[in-house]
Amino acid sequence: MNALQDGRHETEPLSRRDALAKLATASVAVAAVTALMVFLRVPIPSSLRERTLIRLGNPDRFPFNTFTFVSEKNIFIYRTREGFKALSALCPHLGCVITSAGPGFRCPCHGSTFDAHGTVLDGPAPKPLSWLKVGLAPDGQITVDTSERVSGEQFLRV
Amino acid sequence: MPKPGHIIRQNVGASLSSILAVLRRVRTERTSVRERSRSVSKNFFLHMHSTRTHLYSLRPGFTLGLGFLSFSLFLILLCTGVLLMVYYVPSVEHAYGSVKDISTVVTGGRTIRNIHRWGAHGMVAVVVLHLARVLFTSAYTGTRRVNWMVGILLLCMTILFSFSGYLLPWDQLAFWAVTIASNIVASTRELTDLAGITAVVDPGGFVRRLLLGGDSVGQDALTRFYLLHVVILPITTIVLIGVHFWRIRKSDGLAIPAGGDDLVLKAQGIIDPVALEEAKLRREHTVLSWPTTLWAEGSVLLTALALLMLSAILVDAPLLAPADVSMPENPAKSPWYFLGVQELVSYSAFTGGVLVPLLLLVAVVAVPFVDREEKGAGSWFGGQQGKRVVIRSALVAFFLTIGIMTIAIGVGWQWTRNAPAVVALIANPGSFLATLYAIWSWWVLRSTSSTKMGVFALVSCCLIGGIIITIVGIWLRGPNWEFVW
C-alpha cells in the first residue's frame, strides 16, 4: 500500500535472478541476429564471375572510321587515325544491346536513340552511353576495361 | 466330395460378399450426420474445413470459386513442376536443350510443360481476380485484416514464381525478359544518382546482385532463380497457404453479410418468420462440409484441370531460339502480366518500374486500415451505392487513362528532356495517372463520407488503368517499342 503510494515499486532493485534471465535472453538475441546475418551474408557474392578486362584481339582487325561491334562482349570499337575508342553497347535504360542506326545507335527494347557521341536523342534512357577505357595487353591485343568509364574524347594511340 | 474349383468359387464368393459388407457399412456410416462431421474433423487434410459450411459461402456468384481455383492451380503447378524437374538441367549449357527434350522427346513432356506454363499464366490472373473479389465484397475487415496481408504476400509469391520460372528455359524470351526486369530493380540508381549517393546507398543494385549473383544474367542467376523457383518459393508459399486457410477458420469461415442466414433460407422458400427461426435452430442455413463443400471444391479443381488440359493440347508453350547475349528479341516482351509495367518503364525506368508498382502495393496493403467500416461486409460492392461508385470510377479511369496514354504516345514524352532532373525522374504516365486516381478517390471519399467508397474508387481506377496499360503493352507495341495500331 505504502509502496504503491510513494511509487517505490517502480524503483525496486532488479533481483539477481531477473538480471541473469535478462542477460540470457539478450545473449540469445545477439546470437540469433549474428547467425541471421551470417546466413544472409552467404548469398552476397564476394567476387564476380564476369571479367571486366576483356581482350579483343589484334588492333588491325578493326577498320577505320566506323563502329565495329564485338559480339558476346557487347562493345563497339571505334578506330580513327588518332587511335581507338570503346563504347559500351548496353543501353543505360534497362541493359538491352543497342544496334547501329544511321550515324548513331538505337535500342530495340524501348526505342532509345543515341548519336555517335553516345548522347541520348530520344527515348527513356536516363544518361548517355558509356565510353570505356581501352588498353593494350603485353601481347599487343586491344583490351577494354568495362569497369572504367572515360570521356568520349579519350583515344588510345597504337 | 465337392470339386476343388467349387471351393475356390465359394471362398471367392464369401470374401467378395464380406468386402461388399464392409463397403456397405462404410457407406451407411458416412451417410449419418455424425459420421460425416467426424470424417471432416478427424482427417488432417479435411479439418481445414469446419464441419458445416454456410450456404452463402457456397454461392458461386459470391466467391466465384476464385480462392480454391488459385489453390487448385497451385497444386497442378506443383505436380507438373516436379515432373519437369525430372529432366530439367539448371545449367547455361544444358537448360535450353533439356527443355527442348521435354517438349520433343519425353513422353507426355510437351503436355506437362504446356500445362505448367498456362497454369502459371492462369494463376497470376486468378490470384489478382481473387484479390479483387475479396476487396469488392469487403471481406478484409476486422479479424480478416491479417489474412488480407497474408493474401498479398501470396500474390507477391505468385509473381516471384512467374518471374523466376521465366528464366529457366534459357531461351531469348527468358534471357531478355529477366535482363530487363533485373535492371528495373537496379533503376533505383536514377534516384540515388540524382542525390549523388549511389556509391554509398544502392538498394536496387544490391538486390539485383543478390538475385543474379553478379551484374548480368548468367550461370549464377540461373542457379539462384532455379533455387528460388523449386525450393524457397514453394516452401514459403505452402506455409503461407496453410496460414491463409487457418485464418479463414479463425474468422469463422468466409465473410457473411448481415442477415445472410435469412437470405439463404428465404432462397429455399422458407419465408414465415417462425419457420425461419426454427430452421436456423436446426442450422439449415448451413450444410455439412462433407460432402457438399468438398463436391464444390472438387468441381473447381476438375474444371481447372480440364481447361488446362484443353489449352495444353491446343496451344504449345513458346520456346524461342537459345539465349543470345548480344542480340535482344525485338520487341523484347515480358509475359503479359508484366507488360503494363514494361509500358510504363518505356517512359522512365525508376518511376514506371519501381515507384508506381510500390505505390500500388502500399495502397493495397493499406486498404483494411483506411476502410474500417463493418457495414456491407460480405456482399458485392457493399450494396447499390458501391456499385454506382465502382461503375463511375471505372468510367473515369477509362477516360483518364486513354487520355493520358494518347498524349504520352501521340505527343511523345520528350518534354521531360528539358525539364529539371527531379521532374524528369518523377514524370511518367503512371505517376500522373496514380495522382489523378488518388484525387478522384479522395473526392469520392469526401462526397460519400465513406472510406469504403474511397477504397472502391481507387481500386477500380487502378484495375481499369492497369488493364488498359497492359493492353497497350501487349498489342499496341511493335519492334523498337514503336506504337502500332
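This is a predicted model, so every value here is computed, not measured. Every chain is numbered from 1 and lettered A, B, ... according to where its sequence line falls, protein lines coming before strand lines.
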Inset, instruction - Counting only heavy atoms closer than 4.5 Å, note whether Ala125(A) contacts chain B via side chain, backbone, both or neither. - result: backbone

Legend entry - His93(A) side, atom NE2; Tyr347(B) side, atom OH - distance, nearest 0.5 Å: 11.0 Å

Legend entry - Side chain proximity check, Phe69(A) to Ser326(B), heavy atoms < 4.5 angstrom: yes

Legend entry - Leading residue by heavy atom contact count with chain B [cutoff under 4.5 Å; candidates Lys73(A), His110(A), Arg106(A), Glu72(A)]: His110(A)

Legend entry - Per-residue contact mode, Ile44(A) against chain B (heavy atom under 4.5 angstrom): both

Legend entry - Nearest atoms (heavy-atom pairs only) where Asn183(B) meets Leu94(A): ND2-O, 2.7 Å

Legend entry - Closest-packed option against chain A by number of heavy-atom pairs under 4.5 Å, given Gly213(B), Ser348(B), Pro479(B), Gly353(B): Gly213(B)

Legend entry - Gap separating the SG atom of Cys96(A) from the CH2 atom of Trp481(B), nearest 0.5 angstrom: 10.5 Å

Inset, instruction - Among Cys91(A), Gly111(A), Pro92(A), Cys109(A), single out the residue with the greatest number of heavy-atom pairs under 4.5 Å to chain B. - result: Cys109(A)

Legend entry - Among the listed options Gln219(B), Glu329(B), Gln342(B), the residue most often paired with chain A at heavy-atom distances under 4.5 Å: Gln342(B)

Inset, instruction - Taking the side chain as every heavy atom from C-beta outward, state whether Met327(B) and Thr99(A) have any pair of such atoms under 4.5 Å apart. - result: no

Legend entry - Pro43(A), part contacting chain B, at a heavy-atom distance under 4.5 Å: both

Inset, instruction - Decide yes or no for Pro45(A) and Asp220(B): does some side-chain heavy atom of the first lie under 4.5 Å from some side-chain heavy atom of the second? - result: no

Legend entry - Option in Asp193(B), Val345(B), Asp324(B) with maximal non-hydrogen atom pairs under 4.5 Å from chain A: Val345(B)

Inset, instruction - Give, as side chain, backbone, both or neither, the part of Arg477(B) having an atom under 4.5 angstrom from any heavy atom of chain A. - result: neither

Inset, instruction - Counting only heavy atoms closer than 4.5 Å, note whether Ile75(A) contacts chain B via side chain, backbone, both or neither. - result: neither

Legend entry - Side chains of Arg49(A) and Ser216(B) in contact at under 4.5 Å (non-hydrogen atoms): no

Legend entry - Region of Phe206(B) in contact with chain A, defined by heavy-atom distances below 4.5 Å: side chain

Legend entry - chain A contact via Trp413(B) - which portion, at a heavy-atom distance below 4.5 Å: neither

Legend entry - Whether over 12 other heavy atoms sit under 6.0 Å from Lys333(B) NZ: yes

Legend entry - Glu50(A)/Arg209(B) ion pair, N-O < 4.0 Å: no

Legend entry - Over 12 non-hydrogen atoms of neighbours within 6.0 angstrom of CZ in Arg41(A): yes

Inset, instruction - Report, as yes or no, whether the 6.0 Å neighbourhood of atom CZ on Phe39(A) holds more than 12 heavy atoms from other residues, nucleotides or ligands. - result: no

Legend entry - Side-chain ion pair, Arg417(B) and Asp122(A), N-O less than 4.0 Å: no

